[in-house]
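Read through the structure below, which is laid out as structure tokens, and then see the notes.
The structure presented is a predicted model; accordingly, all values stated were derived computationally and were not measured. Proteins get letters first, then strands, A, B, ... in listed order; numbering begins at 1 in each.
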Amino acid sequence: MTLPPLDSPQWDGSLKAFAFGLRATSATILSVVLFVTFIGIGALAHDTHFSMLWAILSTVLVWAGPAQIILVSTLGSGQTILQSAIAVTMSAIRLFPMVVAVLPLIRGPNTKRRHLVLIAHFTAVTLWVECYRFLPHVPRERRIAFVHGLGSGLMAVALVATIIGYLLAANLSQTFGAAVLLLTPLAFLFSTLRNAKELADVLALGLGLVLYPVAAQLNSGVDILISGVVAGTIAFGAHKWRERREAA
Amino acid sequence: MSDFIGDWHALFVLLVAGVIPNQIWRLLGLWFGSGLDEGSDLLMWVKAVATAILAGVIAQILVQPPGALASVTWGLRYGAVVAGLAAFLASRRSIFAGVVCGEMVMLAGKWWLG
């Protein structure tokens, strides 16, 4: 999709900017990835015995695929509320630097903090990536409206997918039900690998995959946290070690 | 209708274990965001741990599969992911190619093995 030039009269009015943002969601492969991911999340919520409303609210209010999957699978495997909350909050820490990075792109001289609340809510990996791509082509005074449109569009895609996934899991044969559930690990594995820029990211992913089955033998109830902290710390250490060697 | 809503306890758990622990970080970003170095060691470590936790969840779904996925033998589950990974790498990191290939291998295998 090509947006009009920055000084075009087509940018007059917030509603038009909102519509451009909404339409931008149809111009990205990430919408397809988002759709596939949330089909998996809807199906997972069904097969771990959560209600349709629960699945819908989790997509609208949590709005973070990894956190939703962690929440569903930890609660589904019988862990306590506290253990789930800790695992969710660890996975959500990455939203903090994302919000910090996105807001300066959107903020103008007269922007108040309350104008940015909804944008902070919409911020997740997909919106983050798309802001870097689209915002240079959006006049600064229209960026809030544009991102509201973009975020609404992405959330609508995810919401429809959540509902479809939930219904599919309820009505499909066992084979196709299994295929829908397999979407989640595949989509997350490849999209995380694609976004991995540093050695530390790839190492953390690989070690996390390998160490979880080992940690699961402990049966501690916080196996995912244990394997995550150990694998993440090793990956970080390896990154620092390489950095220091290169500096020397 | 009650099937649609489910039980209120589960919705409360969603709020306490899902919504609040997640949104707190977006709010903190909104309030204290300015003047933070994105390349700092602390954030690097946090990012690595978050990635490894996500990897653990991916592994958990494959090792201890929920619902209908449990009907697929472990060899086929891992085989499908490895085949998807090969397609992802061969297609110069196309997520779509990886997902489609993994799914095809799983469905073909299940159909073949019965």
Side-chain angles (χ1 to χ4, degrees), chain A residues 33 47-48 50-54 57-58 61-62 64 66-67 69-71 73 76 81 84-85 88-97 99-101 103 116 120 174-175 177-179 181-182 185-191 194 200-201 204-205 208-209 212-213 224 227-229 231-232 235-236, chain B residues 3-6 10-11 13-14 16-19 21-30 33 36 38 43-69 71-72 77 80-81 84-85 88 93 95-96 98-99 102-103 106-107 110:
Chain A
V33 175
D47 278 25
T48 33
F50 289 101
S51 70
M52 172 80 96
L53 180 69
W54 195 97
L57 286 178
S58 93
L61 299 178
V62 177
I69 290 174
I70 290 168
L71 183 66
S73 50
I81 296 176
S84 293
V88 166
T89 214
M90 284 302 290
S91 83
I93 296 176
R94 80 201 141 75
L95 296 173
F96 177 75
V99 171
V100 172
L103 292 186
L116 298 170
Q174 201 178 45
T175 300
L181 287 171
L182 191 67
L186 291 174
F188 268 96
L189 184 62
F190 303 141
S191 59
R194 207 185 141 93
D201 300 327
L205 188 66
L209 280 172
Y212 171 73
I224 286 201
S227 72
V229 170
F236 173 75
Chain B
D3 271 359
F4 175 78
I5 295 174
L11 293 173
V13 171
L14 170 65
V16 175
V19 177
N22 190 65
Q23 295 293 25
I24 188 101
W25 295 106
R26 287 192 175 116
L27 279 179
L28 286 173
L30 186 61
L36 197 102
E38 223 203 324
L43 280 184
M44 280 283 299
W45 177 76
V46 163
K47 243 182 73 187
V49 170
T51 303
I53 286 180
L54 182 60
V57 170
I58 294 171
Q60 188 186 38
I61 294 174
L62 294 172
V63 177
Q64 302 152 341
L69 196 55
S71 71
V72 179
R77 292 196 301 266
V81 173
L85 184 64
F88 170 80
R93 300 185 157 216
I95 300 169
F96 186 73
V99 171
E103 290 285 349
M106 198 276 267
L107 286 173
K110 193 140 197 293

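Judged by distance alone, the side chain of A:D201 and the main-chain N or O of B:T51 form no donor-acceptor pair under 3.5 Å. In this structure, the side chain of A:W54 engages the main chain of B:A10 through a donor-acceptor pair within 3.5 Å.
Nearest heavy-atom pair across B:P21 and A:A92 is O-CB, 4.0 Å. Scanning both residues, B:V57 and A:S73, for their nearest heavy atoms gives CG1-OG, 4.0 Å. When all heavy atoms of B:V16 and A:A85 are compared, the pair lying nearest together is O-CB, 4.3 Å. Nearest heavy atoms, A:Q174 versus B:A68: O-CB, 3.7 Å. The minimum heavy-atom distance between B:A48 and A:G232, with the atom names listed, is CB-O, 3.5 Å. Smallest separation of non-hydrogen atoms from B:I5 and A:S51: O-OG, 2.7 Å.
One finds the CD atom of B:Q60 at 11.0 Å from the CD1 atom of A:I69 (value rounded to the nearest 0.5 Å). The distance from the CG atom of A:D47 to the CG atom of B:L69 is 9.0 Å, given to the nearest 0.5 Å. Here B:N22 contributes atom CG and A:S58 contributes atom OG; the two are 10.0 Å apart, rounded to the nearest 0.5 Å. To the nearest 0.5 Å, atoms CD1 (B:I24) and CZ (A:F96) are separated by 11.5 Å. The distance from the CG atom of A:L95 to the CG atom of B:L27 is 11.0 Å, given to the nearest 0.5 Å. Note: A:L182 CG to B:K110 NZ = 12.0 Å, rounded to the nearest 0.5 Å.
Ranking A:T48, A:V229, A:L103 against chain B, the residue ahead of the rest is A:V229, based on heavy-atom pairs under 4.5 Å.
When side chains are defined from C-beta on, B:P65 does not count as touching A:L181, because their heavy atoms never get closer than 4.5 Å.
Contact of B:V99 with chain A is made through backbone and side chain together, with heavy-atom distances under 4.5 Å. Both the backbone and the side chain of B:L14 have a heavy atom closer than 4.5 Å to some heavy atom of chain A. The contact between B:E103 and chain A is made by backbone and side chain atoms together, counting heavy-atom distances below 4.5 Å. Within the 4.5 angstrom heavy-atom criterion, atoms from both the backbone and the side chain of B:L11 approach chain A. For a residue to count as touching a neighbouring chain, one of its non-hydrogen atoms must lie under 4.5 Å from one of that chain's; by this rule A:P213 touches chain B with the side chain only. Looking at A:V62, both its backbone and its side chain come within 4.5 Å of chain B, counting heavy atoms on both sides. Of the atoms belonging to B:L62, it is side-chain heavy atoms, and not backbone ones, that fall under 4.5 Å from chain A. With a 4.5 Å cut-off on non-hydrogen atoms, A:Y212 touches chain B through its side chain but not through its backbone. Proximity to chain B (any heavy atom under 4.5 Å) is restricted, for A:L71, to the side chain, taken from C-beta onward. Interface residue B:V63: only side-chain heavy atoms are found under 4.5 Å from chain A.
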Please test B:L85 against A:F190 for side-chain contact (heavy atoms from CB on, under 4.5 Å), starting from the C-alpha separation and ending with a verdict.
-> CA-CA 8 Å; B:L85 184 64; A:F190 303 141; 3.9 Å; yes
